[in-house]
Amino acid sequence: MPTVIALTRFGPPEVLRPFQIENPRPGPGQALVRIHAAGVNPVDCKLRRGDFAGTRPASFPQRLGNEFAGTVIALGPDVPAGSAIAVGAHVAGSATAQAYAEVLVVDTAGLVVKPPSVSWEMAAGLPAAGQTAHTALSQLGVGPGDVLLIHAAAGGVGTIAVQLARELGAQVIGTASENNHDYLRGLGALPTTYGPGLLDRVRALAPDGVDVVLDLIGGEAITTSLALVHDHHRVGTTVDQRAVEEHGVRRVGGRSLPALREVVGKAATGQLILPIRTFPLRQAVAAHRIVENGHVRGKVVLTV
């Protein structure tokens, strides 16, 4: 019987534990995937803590994990003949709150083929971060000549957003803890630290002003952003719904299969880098502690 990681109550990382499930079977248009790696994201920690319990009541045991990479081991009926998604295919994709697992049933329409040059771990870290970064920059209209401020630029989404924005011709300023400043410089961004005085530090780095903001942290970052950018429609956040409702900033990000194909392709040719820290599936507790503490460079991934 395959193993999944789940929780039976909200709480700290220690509520995560392994469960065994019946072998799942793929339905029409679905694939059964043997998971090799699954990404861990801040939203997983929020779900585990019960941050969304008021709007998304959980049905325990509650599984977690929104991105994965693995091998197709079975197909359900109605999968198009000649599809690249065949038994034995190496794939990556998204799955809502269920990817911390040894096997997984998913719709074939949401899968992309993993190139041989992309590791399992990196492929598992790209679906959430890659799709979010790509779609967010598109929604904000980032292009040549823009000065883009990215809050939490050294994390998974930030790392990819910096690189994609530089390819689009934007100048990037990224906030991060000081030990990640050299890392951001290596990606082509101008780094600065979080905290008091951020507004003045950004203005010093961008004396002609900031055109667009991608916020990946919320809170005070939004206050600073609103003081920097006149057009609030070009301030986007992936995390701060209150700022969306109260200040008219944009909620950005989301899934896009073409975006995922593009970032996977760039990773295959070395155009994108994404540092990965790995933990075995059964050490999900330790992985959650790292992600929840913040200041992660790149992504944390569970290996199976």
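L260 and W120 fall into different hydrophobic clusters, defined by Ile, Leu, Val, Met, Phe, Trp and Tyr side-chain heavy atoms under 4.5 Å apart, directly or through other members. No single ILVMFWY cluster, assembled from side-chain heavy atoms under 4.5 Å apart, contains both V235 and L148. When hydrophobic clusters are built by joining Ile, Leu, Val, Met, Phe, Trp and Tyr residues whose side-chain heavy atoms come closer than 4.5 Å, directly or via intermediates, I276 is not grouped with F68. Residues V285 and V4 do not share a hydrophobic cluster, defined by chaining ILVMFWY side chains whose heavy atoms lie under 4.5 Å apart. Note on I150 and L199: separate hydrophobic clusters, where clusters join Ile, Leu, Val, Met, Phe, Trp and Tyr whose side-chain heavy atoms are under 4.5 Å apart, directly or indirectly.
Taking the side chain as every heavy atom from C-beta outward, L187 and Q163 approach each other to under 4.5 Å. Taking 4.5 Å as the limit, some side-chain heavy atom of R48 sits within range of a side-chain heavy atom of P13. Under the 4.5 Å side-chain criterion, counting only non-hydrogen atoms from C-beta, L257 is not in contact with Q131. Between L75 and V87, the closest side-chain pair of non-hydrogen atoms falls below 4.5 Å. In this structure, F19 and I5 have side chains that are not in contact, with every pair of non-hydrogen atoms separated by 4.5 Å or more. Residues T238 and T132 are in side-chain contact: their nearest non-hydrogen atoms beyond the backbone lie under 4.5 Å apart. Looking at L149 and D215, their side chains never come closer than 4.5 Å, going by heavy atoms from C-beta outward. Taking the side chain as every heavy atom from C-beta outward, Q98 and L104 approach each other to under 4.5 Å.
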So V212 and V229, side chain to side chain contact (heavy atoms under 4.5 Å, CB included) or not? Walk me through it. CA-CA 7 Å; V212 58; V229 180; over 6 Å; no

Determine whether V33 and V106 satisfy the following criterion, side chain to side chain contact (heavy atoms under 4.5 Å, CB included), listing intermediate values before the conclusion. CA-CA 8 Å; V33 178; V106 291; 4.0 Å; yes

Using the rule given for side chain to side chain contact (heavy atoms under 4.5 Å, CB included), can you reason through T159 versus V162, listing the C-alpha separation, both sets of side-chain angles and the distance that settles it, and then say yes or no? CA-CA 5 Å; T159 287; V162 169; over 6 Å; no

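Judged purely by atom type and a 3.5 angstrom limit, D107 has no side-chain atom pairing as donor or acceptor with the backbone of G110. Between the side chain of R203 and the backbone N or O of G209 there is no donor-acceptor pair closer than 3.5 Å. Within the 3.5 Å criterion, the main-chain N or O of Q139 finds a donor-acceptor partner in the side chain of R250.
With respect to the salt-bridge test (charged N to carboxylate O, under 4.0 angstrom), the residues R234 and D146 qualify. Using a cut-off of 4.0 Å between Lys/Arg side-chain N and Asp/Glu carboxylate O, E121 and R277 are scored as not salt-bridged. At a threshold of 4.0 Å, the pair R251-E245 does not count as salt-bridged, since none of the basic side-chain nitrogens sits closer than that to a carboxylate oxygen.
Heavy atoms of other residues, nucleotides or ligands lying less than 6.0 angstrom from CD of E167 number more than 12. In this structure, E178 places its CD atom where only 12 or fewer heavy-atom neighbours from other residues, nucleotides or ligands lie under 6.0 Å away. In the displayed structure, R255 atom CZ is contacted under 6.0 Å by more than 12 heavy atoms of other residues, nucleotides or ligands. The local environment of CZ in R49 is crowded, with over 12 non-hydrogen atoms from other residues, nucleotides or ligands closer than 6.0 Å. Within a 6.0 Å sphere centred on CD of Q241, heavy atoms belonging to other residues, nucleotides or ligands number more than 12.
Looking at every heavy atom in both residues, A267 comes nearest to V118 through C-CG2, 4.0 Å. Smallest separation of non-hydrogen atoms from L226 and V249: CD2-CG1, 3.7 Å. Nearest heavy-atom pair across L281 and T3 is CD2-O, 4.3 Å. The two residues V142 and A165 make their nearest non-hydrogen contact at CG1-CB, 4.4 Å. Residues L32 and V103 approach most closely at CD1-CB, 4.1 Å, considering heavy atoms. In terms of heavy atoms, A124 sits closest to A38 at CB-N, 3.8 Å.
Evaluation of the ring pair (Phe, Tyr, Trp, His ring centres under 6.0 Å) rule for F52 yields no partner, not counting sequence neighbours. Residues satisfying the salt bridge (charged side-chain N to carboxylate O under 4.0 Å, His left out) test with D211, not counting sequence neighbours, are none. For A136, the side chain to side chain contact (heavy atoms under 4.5 Å, CB included) partners are L214, V252, not counting sequence neighbours. With sequence neighbours excluded, the residues that form a salt bridge (charged side-chain N to carboxylate O under 4.0 Å, His left out) with R185 are D182. Legend: residues meeting salt bridge (charged side-chain N to carboxylate O under 4.0 Å, His left out) with K114, ordered by chain and number and at least two apart, are absent.
Judged by the 6.0 Å distance and 45° axis criteria, R9 is not positioned over the aromatic ring of F60.
For the residue pair H36 / T71, a side-chain donor-acceptor distance below 3.5 Å is found, with atom types taken as modelled. In summary, the side chains of S256 and H134 do not present any donor paired with an acceptor at a separation below 3.5 Å, with no hydrogens or angles considered.
Pairs engaging residues 279-304 under the ring pair (Phe, Tyr, Trp, His ring centres under 6.0 Å) rule: Y100-H288 [sequence neighbours left out].
If you take CG on L7 and CD on Q62, they are separated by 6.0 Å, rounding to the nearest 0.5 Å.
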